[in-house]
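What follows is a set of notes on a single structure, which appears directly below.
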Amino acid sequence: MMKRVITYGTFDLLHYGHINLLRRAKEQGDYLVVALSTDEFNFQKKKEKCYFSYEKRKQLLEAIRYVDLVIPEESWDQKITDIKEYQIDTFVMGNDWTGKFDFIEDSTAAKVIYLSRTPEISTTKIKKDLEIGF
Ligand code: C2G
């Protein structure tokens, strides 16, 4: 029986921290759906624009061997619907989100797993380092 996994994020300036997360998310099952924040939703979330547009970020994610499907994330409120629509067994996020999505276990059959983040790398750090000429 195919085990289906979902994770959410912006994945701007794709880096090895993102890849570590996607690899371990895929290890939780056989099929990984990535719900990718649209440009508008990311701005709502982070109050800043993505460097790469949604289409470019989607193209990058679709080139990753661990990723089977990329869908748009347009709001905070679509996770339960997504989990039902895509028959998800496991919901995965980095542990900077620990506890924030536990409600999913109350209203769906999906398991919620928080995976450790890759320390020392982030999109914000990349931008800062580039500004000061690393
Ligand atoms: N991540 C990681 N290690 C890093 C950086 C990011 O494991 N060094 C993980 C995050 O924990 C997250 C995923 O990679 O699970 C995507 O990171 P972001 O694009 O920053 O995602 P975020 O803005 O947290 O979006 O509805 C949920 C939001 O869309 C989550």
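Residue Leu60 is tested with Val70, Asp12, Leu14, Leu13 for a side chain to side chain contact (heavy atoms under 4.5 Å, CB included); the sole match is Leu14.
Across every non-hydrogen atom of Gly9 and Glu73, the tightest pair is N-OE1, 4.2 Å. Between Thr118 and Gly17 the shortest heavy-atom distance is OG1-CA, 3.5 Å. Nearest approach of Leu32 to Ala25, heavy atoms of both residues: CD1-CB, 4.0 Å.
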Next on the checklist: Would Asp89 and Lys3 count as a salt bridge (charged side-chain N to carboxylate O under 4.0 Å, His left out) here? Give the steps.
Outcome noted: CA-CA 6 Å; Asp89 302 289; Lys3 275 198 71 182; over 6 Å; no
Next on the checklist: side chain to side chain contact (heavy atoms under 4.5 Å, CB included), that's the test. Do Phe52 and Gln59 meet it? Break it down for me.
Outcome noted: CA-CA 10 Å; Phe52 288 126; Gln59 182 188 353; over 6 Å; no
Item to check | Stepwise side-chain hydrogen bond (donor to acceptor under 3.5 Å, both in side chains) test for Thr90 and Gln28 | outcome: CA-CA 7 Å; Thr90 307; Gln28 304 306 316; 5.9 Å; no
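Taking the centre and axis of the six-membered ring of Tyr31, the NZ or CZ atom of Arg4 falls inside the cone set by 45° and 6.0 Å. Both tests hold for Lys79 against Tyr8: distance to the six-membered ring centre under 6.0 Å, angle to the ring axis within 45°.
The hydrophobic cluster containing Phe41 does not contain Tyr51, counting ILVMFWY residues as joined when their side-chain heavy atoms lie under 4.5 angstrom apart, directly or transitively. Linking Ile, Leu, Val, Met, Phe, Trp and Tyr residues whenever their side-chain heavy atoms come within less than 4.5 Å places Tyr54 and Val67 in a single cluster. Cluster annotation: Ile80 and Tyr114 are assigned to the same hydrophobic cluster (Ile/Leu/Val/Met/Phe/Trp/Tyr, side-chain heavy-atom contacts under 4.5 Å, transitive). The hydrophobic clustering, which links ILVMFWY residues whose side-chain heavy atoms are closer than 4.5 Å, places Leu115 and Val112 apart. The cluster map of Ile, Leu, Val, Met, Phe, Trp and Tyr, joined by side-chain heavy atoms under 4.5 Å apart, puts Val92 and Trp76 in different clusters.
One finds the OG atom of Ser53 at 5.0 Å from the NZ atom of Lys56 (value rounded to the nearest 0.5 Å). Separation of atoms CZ (Arg117) and OG1 (Thr98) is listed at 10.5 Å; rounding is to 0.5 Å. One distance of note links CG of Asp106 with CG of Asp102; it measures 8.0 Å at 0.5 Å rounding. Rounding to the nearest 0.5 Å gives a distance of 4.5 Å between CG of Asn20 and CZ of Arg23. Rounding to the nearest 0.5 Å places NZ of Lys58 at 14.0 Å from CZ of Phe11.
In this structure, Lys128 and Ile132 have side chains that are not in contact, with every pair of non-hydrogen atoms separated by 4.5 Å or more. Side-chain contact between Lys127 and Glu48 is present, with heavy atoms from C-beta onward closer than 4.5 Å. Residues His18 and Ile64 have side chains not in contact (no heavy-atom distance under 4.5 Å, counting atoms from C-beta outward). A heavy-atom distance below 4.5 Å is not found between the side chains of Ile71 and Leu36. Looking at heavy atoms from C-beta onward, Ile88 lies in side-chain contact with Val33 at the 4.5 angstrom threshold. Contact of the Ile113 side chain with the Phe91 side chain is not registered, since no non-hydrogen atoms from C-beta on lie closer than 4.5 Å. Side-chain contact between Ile19 and Tyr66: present, with at least one pair of heavy atoms (C-beta onward) separated by less than 4.5 Å.
For the residue pair Asn95/Ser116, the side-chain donor-acceptor check at 3.5 Å is not satisfied. With hydrogens and angles left out, the side-chain atoms of Lys45 and Thr10 include a donor and acceptor closer than 3.5 Å.
Partners of Glu40 by side chain to side chain contact (heavy atoms under 4.5 Å, CB included), not counting sequence neighbours, listed by chain and number: Thr38.
A salt bridge links Asp68 with Lys26; the closest basic N to acidic carboxylate O contact falls under 4.0 Å.
Put simply, the side chain of Arg57 never gets that close to the backbone of Cys50: no donor and acceptor are under 3.5 Å apart. Under the 3.5 Å distance criterion, the side-chain polar atoms of Thr7 are left unmatched by any main-chain donor or acceptor of Val34. Gln78 places a side-chain N or O within 3.5 Å of a backbone atom of Ser75 that can act as its donor or acceptor partner.
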